[in-house]
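The structure under discussion appears below in the form of structure tokens.
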Amino acid sequence: MCDKFRNVYCGNVSENDIGTAVKIAGWVENIRDHGGVIFVDIRDEEGTVQLVSNDDHIFDHLTRESAVTVSGIVRKRDEDDYNPRLKTGTIEILVEKIEVLGRAPNELPFEIMSSTSVAEDIRLKYRYLDLRNEKVHHNIKFRSEVLKYIRNKMDALGFTEVQTPIITASSPEGARDFLIPSRKFKGKFYALPQAPQIFKELLMVSGFDKYYQIAPCFRDEDCRSDRTLEFYQLDFEMAFVDEEDVYQIGEEIFYDIFKNFSKREVSPRPFRRIPYREAMLKYGTDKPDLRNPLEIIDVSAIFKESTFKPFRGAVVRGIVVDDLASMSNSWFNEVVEYAKTIGMPGIGYLTLEQDGTFKGPIDKFLTKEDRENLISAAHLKSGSVIFFIADRNEKVAAKQAGMIRTELGRKLNLINPNKYEFCIINDFPMFEYDETTKKYEFCHNPFSMPHGGLKGLEKDIEQILAHQYDFVCNGHEMASGAVRNHDIKCLEKAFEMVGYDKSILETKFRSLYNAFQYGAPPHAGMAPGIDRILMLLLDEVNLREVQAFPMSVSGQDMMMGCPSEVSEEQLRELHIKIR
């Protein structure tokens with residue numbers, strides 16, 4: 001370490017240095033006047049140390065958050081002045097010289113120590129100050145440690161790191177592209193990649209056996225807590241493999257990362273595999289939180305001929321909670337009110353009494369046979385309560401049932417906060433009907449291999465499953481992947497089934513389509529989300545808390561002032577006119 005500004009970090013000064021001269025550098029964290037005796041705390045990346053001086057005026061010119069370099073002698077604090085919250089809490093530095101290297105103004109936009117409670121737009125406008133907050137700073141340092149671990153892990157697993165282009169061609173991959181107008185080629189555009197999907201498949205055709213990169217991805221979508229305009233994923237692909245090979249690699253990566261960087265319990269390998277349709281029925285979502293033991297059951301058949309009109313012929317889901325009969329009316333009313341907030345008119349429920357009868361307003365619509373069938377189908381016992389969710393649309397019923405399941409788990413404290421519960425959702429439908437376009441579209445990824453390959457596409461379109469899979473943890477989608485459709489005939493047929501002829505492949509996905517003519521190997525991969533991994537490990541509810549310089553939720557960079565206007569000259573060079 002060059003000693004022009006320091007020869008030791010603030011947080012590393014210790015009792016071993018008592019009586020020796022040291023030089024530190026950092027930021028003025030606090031200035032405290034204790035009855036005429038001034039104490040100053042200096043902070044750097046390793047911690048904080050206290051300064052004192054025999055000169056009453058040596059600190060007069062200081063302002064908080066100014067950058068300084070300090071020379072002095074380390075001495076022991078009086079025992080009554082120990083600060084157990086600091087690792088330097090038993091020592092202090094008697095200052096001989098202090099020099100301001102970068103002066104901060106008297107008024108700061110916010111207090112550094114409490115910056116996380118400041119409005120997001122202000123925090124991000126002065127992000128360089130926000131990042132001085134110990135917790136925020138730690139998140140970014142932690143990110144570096146995790147990325148280093150991931151790279152070492154992928155290297156040990158035999159993967160080759162390859163950087164793919166940031167400037168590429170626009171392609172219809174499910175989200176809006178960020179477009180870059182070309183100055184040289186009038187009327188034409190580049191795009192930022194939504195993901196390195198096409199490039200990683202081309203690498204497999206190129207003879208690379210195992211590829212990976214920490215890849216930046218760009219999608220022009222509305223931001224939310226777990227989605228930003230720019231994010232990173234651990235992108236990897238392997239040749240001559242099937243989905244089980246990818247599962248094993250994915251399980252090892254996730255298990256080792258979460259085991260290494262957290263003290264919480266991590267679900268053992270192999271992770272539980274759940275087909276998509278089973279997940280939608282039992283949990284009402286394709287990203288279930290398996291820490292919640294509650295499951296959804298289908299009781300539609302029981303109410304098929306019911307005299308209760310909302311249930312008659314509808315999709316009816318039930319959620320059973322045992323030993324709930326003793327809950328107060330106000331508790332149940334809270335569940336009813338929550339149901340209204342998610343678009344339900346309310347929520348019906350029945351309690352099984354000790355004498356085998358039901359209690360609840362729906363009971364009068366049930367026949368004796370209905371009651372017996374309900375007790376048998378739902379495995380009800382004395383004190384059990386069954387909640388009902390019904391809708392004419394199966395997707396709506398599933399979604400609302402999933403949200404009620406989550407709310408019941410929360411209210412009943414059924415979700416263990418000290419556990420990471422992983423699962424793999426697989427066997428997604430290859431196609432789904434789009435109510436807007438009134439036609440079938442690709443459900444998940446147009447380049448996924450259908451079960452059974454080309455022959456598998458001969459089934460009824462709603463029965464065709466794809467070799468697609470998501471890794472899920474605690475209700476969050478952590479990774480998405482697939483076995484790729486490397487068979488040209490199969491790929492053409494899949495696109496044809498949703499109304500796209502061969503010309504779409506030849507124009508929109510030209511590079512991939514052409515490359516697959518030259519001996520494409522079977523290949524598969526996935527892409528764990530780096531930001532979401534960090535979000536779960538750090539107990540953050542917002543991805544922006546694990547990114548150094550994120551956009552705001554509105555999609556603006558408050559610090560850099562973008563998006564911004566550009567000059568007329570720049571627009572002319574790009575052949576653009578603002579309308």
Side-chain angles (χ1 to χ4, degrees), residues 143 147 150-151 154 159-208 211-223 227-237 445-447 480-481 484 503-516 518 520 523 525-531 543 547-552 555-557 559-579:
R143 183 186 183 107
L147 290 180
I150 288 173
R151 284 193 167 93
M154 299 307 288
F159 283 79
T160 301
E161 184 174 10
V162 182
Q163 284 76 44
T164 55
I166 296 299
I167 299 176
T168 183
S170 176
S171 63
E173 294 183 36
R176 294 185 193 89
D177 284 328
F178 278 104
L179 299 176
I180 307 171
S182 170
R183 173 185 58 81
K184 192 172 183 180
F185 301 97
K186 184 178 180 179
K188 296 188 177 182
F189 295 81
Y190 305 101
L192 301 180
Q194 295 183 29
Q197 179 68 45
I198 292 175
F199 290 111
K200 67 181 178 183
E201 293 196 57
L202 291 174
L203 285 170
M204 297 299 100
V205 182
S206 304
F208 290 91
Y211 137 90
Y212 91 96
Q213 69 172 315
I214 307 295
C217 304
F218 308 89
R219 295 178 187 176
D220 188 5
E221 299 181 304
D222 293 337
C223 298
R227 184 173 69 192
T228 54
L229 302 180
E230 177 182 357
F231 59 93
Y232 284 78
Q233 61 189 33
L234 167 58
D235 200 60
F236 71 86
E237 197 81 6
N445 184 322
F447 299 104
S480 186
R484 316 303 177 184
S503 65
I504 297 296
L505 283 166
E506 292 173 332
T507 55
K508 296 294 186 181
F509 305 102
R510 179 173 55 191
S511 59
L512 203 61
Y513 185 74
N514 289 342
F516 280 4
Y518 293 89
H523 55 284
M526 60 186 280
I530 296 294
D531 305 282
L543 284 185
Q547 298 173 333
F549 296 104
M551 297 281 188
S552 70
Q556 295 176 288
D557 187 330
M559 181 181 67
M560 298 297 292
C562 78
S564 60
E565 296 178 350
V566 296
S567 69
E568 179 62 28
E569 181 182 359
Q570 288 174 293
L571 292 175
R572 285 179 180 275
E573 284 184 333
L574 296 170
H575 320 290
I576 289 176
K577 183 176 182 179
I578 304 297
R579 292 189 294 180

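These numbers come from the heavy atoms of this one structure, side chains and all, not from hydrogens, waters or symmetry mates.
Classification of Arg143 and Asp531 as a salt-bridged pair holds, one side-chain N sitting under 4.0 Å from a carboxylate O.
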Subject >> side chain to side chain contact (heavy atoms under 4.5 Å, CB included) assessment of Val162 paired with Phe199 >> reply: CA-CA 10 Å; Val162 182; Phe199 290 111; over 6 Å; no
Subject >> Trace of the side chain to side chain contact (heavy atoms under 4.5 Å, CB included) decision for Phe509 with Ile198 >> reply: CA-CA 8 Å; Phe509 305 102; Ile198 292 175; 4.0 Å; yes
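Contact of the Phe208 side chain with the Glu237 side chain is not registered, since no non-hydrogen atoms from C-beta on lie closer than 4.5 Å. Under the 4.5 Å side-chain criterion, counting only non-hydrogen atoms from C-beta, Gln197 is in contact with Arg484. Using a 4.5 Å heavy-atom threshold, the side chains of Met551 and Cys562 count as touching. Side-chain contact between Ser206 and Tyr211 is absent, with no heavy-atom pair separated by less than 4.5 Å. Residues Asp177 and Phe189 are not in side-chain contact: their nearest non-hydrogen atoms beyond the backbone lie 4.5 Å or more apart. Taking 4.5 Å as the limit, some side-chain heavy atom of Arg572 sits within range of a side-chain heavy atom of Glu568. Side-chain contact between Met526 and Ser480: absent, with no pair of heavy atoms (C-beta onward) separated by less than 4.5 Å. Residues Leu179 and Ser170 form a side-chain contact, since some pair of their non-hydrogen atoms from C-beta on lies under 4.5 Å apart.
With values rounded to the nearest 0.5 angstrom, Gln194 atom CD is found 8.5 Å from Phe231 atom CZ. Expressed to the nearest 0.5 Å, how far CE of Met154 lies from CZ of Arg151 amounts to 11.0 Å. If you take CZ on Phe218 and CD1 on Ile166, they are separated by 4.5 Å, rounding to the nearest 0.5 Å. With rounding to the nearest 0.5 angstrom, the OG1 atom of Thr168 is 9.5 Å from the CG atom of Leu192. Expressed to the nearest 0.5 Å, how far CG of Leu229 lies from CZ of Phe178 amounts to 4.5 Å. Note: Glu573 CD to Lys186 NZ = 14.0 Å, rounded to the nearest 0.5 Å.
Nearest heavy atoms, Phe516 versus His523: CZ-CE1, 3.9 Å. Here the shortest heavy-atom pairing between Leu202 and Ser511 reads CD2-O, 3.8 Å. The two atoms that bring Thr228 and Cys223 nearest to each other are CA-SG, 4.1 Å, heavy atoms only. What you find for Ala515 and Val205 is that their closest heavy atoms are O-CG1, 3.7 Å. Nearest heavy atom pair, residue His575 against residue Gly187, reads CD2-N, 4.5 Å. Of all heavy-atom pairs spanning Pro563 and Gly555, the tightest one is CD-O, 3.9 Å.
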